[in-house]
Amino acid sequence: MHEVVDEHILQRIMGNNEDAAEHNREHFDENGNVAINFMSAPGAGKTTLLEACIQKLKAKFKIAVIEGDMVGTLDADRLAGTGAPVHQISTGRACHLDASMVGRLLHQELFDKYQVLFIENVGNLVCPAEFPLGEHFRVVLLSASEGDDKPLKYPVIFKNCNAVVFTKCDLLPHVNFDLEKAAEAVKNLNPEASIFSISVKTGEGLSQFLQWLSAQILAKQKHALHNKAIAAEGGFNVYFDASESNICRRQ
Amino acid sequence: MHELSIAQNILSMVNSRVEKEGIQLEATAVTVMIGEFRNVDPESLEFAFDAMKPSFEFCRNCLLKIISVKAEGICTKSMHSFHPEKQNGFSCPICNSAIKEFKSGEELDIVRIIISTIDQGRLECTK
């Protein structure tokens, strides 16, 4: 057998998802959407937190939701109860959303009128970390009942996010969850992540998280306006600032 | 479970590379680098790769070689280079500070493809 090509190359294996994510980002920026990807294990409280966020922020921003679930519309139905439009993506057997699934929705021009797009990923602490969707921010939830060792066991997702929210903190007196230990592992992996401890049930800590979320959305909107102004003057149109934590592209 | 999509990506990239190269050729080996801080399990990837390769015309005899890359972090305080260990909560073992950046451990790349002529024997077998 004759060998003809023995090529040393460097090709990103996830390049197709990364390209699709970048394309989504362009759509988001064109539409004026600030997109936030919420990720956690099943049952950590993503839907509950989103319900609370939408209720508190809907007077301030026009919010829409993309709901990723393997089967069924249970979560989508709950979120629709807030009055925000919810678009369901049923992933079937896939354990995560990928950028092209989100892209198909974006091409239907459903989100032109909305300022904020919450994306609830499929409950899973492993796969969603490998599939950026083009979002501007990533929020990872960890509930008190799951255990404080999760950032050590699933480091990738905690490393590549902008905020970590410890949820169900009303359970802290009843479970072995050391907030400091969990927060320390997150800080060691990801010193820039903002960390919150909340209980949607009691309302504890929720306002701090909402404050952070609003500030991020407003900053991103201001940034987008600034870029539009520059573009209108015939300058360069910078879609996103590389100096920010740009998790779409691996460094 | 996403190893299936990763295997599919590798195979279709290799397949189109061979297609570009010319006729009477096939891929015989592909080498990938997988960092420790990527959620990819080598065994599952091998399994998925072997399960899927019959459906890729130019990859039916392709072997998958995996190079695992150890993670190396640089610490925030003193720029020490270290391997992030679970036991230390991923902090720097010397000064206990956080990881500023990863020098390695986040790779997920194809680094080498070997393309060979389809040997005559096999060609005749398939006729």
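Convention: sequence-line order gives letters A, B, ...; per-chain numbering from 1.
Judged by distance alone, with hydrogens and angles left aside, the side-chain atoms of D109(B) form no donor-acceptor pair with the main-chain N or O of L10(A) at under 3.5 Å. Of the possible polar contacts, none joining the Q11(A) side chain to the M13(B) backbone as a donor-acceptor pair under 3.5 Å is found. A donor-acceptor contact shorter than 3.5 Å links the side chain of N188(A) to the backbone of G89(B). Remark: side-chain polar atoms of N9(B) are not paired, donor with acceptor, to backbone N or O of M14(A) under 3.5 angstrom.
The two atoms that bring F90(B) and P151(A) nearest to each other are CE1-O, 3.7 Å, heavy atoms only. Closest approach of H2(B) to C95(A), counting heavy atoms only: N-SG, 4.4 Å. Across K187(A) and A98(B), no two heavy atoms sit closer than the pair O-CB, 3.3 Å.
No side-chain heavy atom of I6(B) sits less than 4.5 Å from a side-chain heavy atom of E130(A).
The part of K159(A) that comes within reach of chain B is its side chain, from C-beta onward, which places non-hydrogen atoms under 4.5 angstrom from that chain. Only the backbone of S97(B) comes within contact range of chain A, with heavy atoms under 4.5 Å apart. Heavy-atom distances place no part of Y154(A) under 4.5 Å from chain B, backbone and side chain included.
Contact count versus chain A (heavy atoms, under 4.5 Å) is highest, among I99(B), N39(B), I10(B), N96(B), for N39(B). Put simply, of I113(B), T76(B), V40(B), the one with the most heavy-atom pairs under 4.5 Å next to chain A is I113(B).
Atom CD1 in I13(A) sits 10.5 Å away from atom CG in L11(B) (nearest 0.5 Å). Of the inter-residue distances, the one linking L189(A) atom CG with S91(B) atom OG reads 10.0 Å to the nearest 0.5 angstrom. Atom-to-atom distance recorded for N17(A):CG and S5(B):OG is 9.0 Å, nearest 0.5 angstrom.
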| task | Let me see the working for E106(B) and N160(A) under side chain to side chain contact (heavy atoms under 4.5 Å, CB included), right down to the final yes or no. | result | CA-CA 11 Å; E106(B) 297 188 283; N160(A) 298 316; 4.1 Å; yes
